[in-house]
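Each ligand, and each atom within it, is numbered from 1 in the order the structure gives. A quick note: this is a predicted structure, and the numbers were derived from the prediction, not measured.
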Amino acid sequence: MKAPRELWTSRVAFILAAAGSAVGLGNIWRFSYVVGTNGGAAFVIVYLIIIALIGYPMMVTEVTLGRKTHKNAIGAFKALAPNTPWWLVGALGVLAGFVILSFYSVVAGWSLSYFFKTIGGSLGAGADFEGAFVSHISAAWAPVIWHAVFMAITLAIIAAGVVKGISRTVRVLMPVLFVLLILLVLRSLTLPGAGAGLSFYLQPDFSDLTAQSILAAVGQAFFTLSLGMGCMITYGSYLSDNDDVPDNSAWVVGLDTLIAIIAGFAIFPAVFALGFDPAAGAGLAFITLPAVFAEMPAGVLFGAVFFLLLSIAALTSAISLLEVVVAWLVDEYQMARKKAALMIGVLIFLLGIPASLSMGAVDISVGGMPFFDFLDFFQESILLPLGGLLTAVFAGHVWTARTTRESANTNHGKIVIGAWYEVLIKYIVPIAIAIVMIFGLIEALG
Ligand code: PFF
């Protein structure tokens with residue numbers, strides 16, 4: 001007999017799991033390097049506007065679609081628009097789950113190995129932090145093995161089911177990560193020369209903005225909030241009909257944004273104080289933060305705890321990525337959860353291998369970019385914005401904005417979704433994303 005579909009055990013369980021999905025490498029590793037390569041403060045402002053104008057309404061929309069249908073990313077569209085091609089939007093999301101997790105797990109592997117490197121003392125004061133990072137990621141074996149370790153843990157948790165492992169872990173560990181980040185901010189801000197970093201992060205120069213950097217801000221907003229690929233549809237589908245949507249969504253968006261902004265205060269003052277290049281790219285956090293730890297008393301301890309927590313934050317996001325794919329196979333094809341987790345986990349691991357090797361061990365490039373960068377570019381510039389755009393069109397025009405809004409407001413808490421939502425989801429969100437995608441892609445590919 002088929003087991004009944006799982007439900008979160010409480011409202012807090014949902015918020016923690018969804019916030020656990022949202023808060024991850026995207027807030028610390030990806031946020032800092034994307035801000036760094038896109039000019040700093042002006043980019044941050046655009047990013048915040050996008051979070052408010054697109055991020056929150058999209059979060060409400062996806063969670064509502066999930067709660068309404070109690071289905072996976074593809075099944076939700078099938079349930080609301082049977083016998084139409086709209087399920088393809090969900091399929092795009094499943095594809096995004098594959099693509100993102102394959103390189104996400106590689107980066108999570110870097111974080112795991114940095115935990116051990118920190119304990120081992122090879123990243124102490126006076127180390128060549130940049131050289132250590134480059135030689136770490138360009139090695140052939142070690143990063144692939146750490147990627148395998150991380151995928152194995154992710155797969156095991158998802159095989160066990162959503163409810164048990166996830167919420168319990170997140171409840172304890174997220175607050176600790178938060179406290180550690182604050183400690184890092186304090187150390188970073190009091191380094192001599194930190195001021196230049198603050199002005200990079202806080203004083204906007206709008207001439208730094210390009211169409212491509214605005215597209216990057218949209219892509220980062222979707223990535224960091226786990227939107228545009230049915231992840232929040234899937235997590236929303238484990239809510240009961242009595243659970244609230246608007247308040248819960250606000251919590252998830254608020255926590256995620258707060259953590260990204262704080263991470264910037266930990267990273268940029270230190271980047272400038274210690275003489276690193278803010279546009280250094282994917283290594284920024286892995287180069288800068290160990291250098292800050294080396295300047296702190298008990299730095300080895302703090303550093304080790306930090307990388308452990310970063311790995312755990314990555315894990316609570318990785319499981320949500322895998323869950324999108326697994327929930328689809330379990331719901332639509334009645335596949336056993338364990339079998340689905342194993343099969344998909346292995347496939348994603350395999351796709352991650354060329355991503356890892358392309359960081360320097362082997363020359364694997366697509367469209368002139370290392371394969372790793374290509375996967376990230378593909379999800380940031382095409383998969384997530386397009387998924388978000390189509391989801392907005394679906395909610396706004398197919399299921400209709402009025403119905404979506406009423407559904408979102410069913411059993412609401414403090415926040416009630418007003419008529420503004422209908423204007424945003426029907427017109428502003430899809431048109432803004434379309435314009436940004438077109439101009440951003442022309443610039444990027446031109
Ligand atoms: N939001 C995660 C992060 O910021 O690290 C990454 C992510 C998780 C993206 C789940 C998309 C997703 F569906």
Does an N or O anywhere in [X] fall below 3.5 Å from an N or O of ligand 1?
{"X": "Leu25", "answer": "yes"}
{"X": "Phe223", "answer": "yes"}
{"X": "Tyr104", "answer": "yes"}
{"X": "Gly26", "answer": "yes"}

* Asked: Between the candidates Ala96, Gly230, Ser21, which shows the shortest non-hydrogen contact distance to atom 2 (C) of ligand 1?
  -> Ser21
* Structure fact -> To atom 4 (O) of ligand 1, the nearest of Ser317, Ala22, Gly228 on a heavy-atom basis is Ala22
* At a 4.0 Å threshold, what atoms of ligand 1 neighbour a non-hydrogen atom of Met229? -> 11 (C), 12 (C), 13 (F)
* Asked: For ligand 1, which atoms have a heavy atom of Ser320 less than 4.0 angstrom away?
  -> 8 (C), 10 (C)
* Would you say the side chain of Val63 lies within less than 4.5 Å of the side chain of Met59, judging by non-hydrogen atoms? -> yes
* Asked: Does Tyr201 have any ring-ring contact (aromatic ring centres under 6.0 Å, His included) partners at least two apart in sequence or in another chain, and if so, which?
  -> Phe265, Phe268
* Whether Trp29 and Tyr33 hold their rings parallel, tilted or perpendicular, with breakpoints at 30° and 60° -> tilted
* Among Val99, Leu386, Ile100, find the one that has a side-chain contact (heavy atoms from CB on, under 4.5 Å) with Met229. => Ile100
* To do: Examine the side chains of Asn27 and Asp256 and answer whether a donor and an acceptor come within less than 3.5 Å of each other.
  => yes
* Check if Trp29 has a non-hydrogen atom at a distance under 4.0 Å from any atom of ligand 1. => no
* What protein heavy atom is closest to atom 10 (C) of ligand 1, reported as residue, atom name and distance in Å? -> Ser226 OG, 3.3 Å
* To do: Tell me whether the centres of the aromatic rings in Phe103 and Phe372 are closer together than 6.0 Å.
  => yes
* **Salt-bridge criterion met for Arg67 and Glu62 (N-O under 4.0 Å)** => no
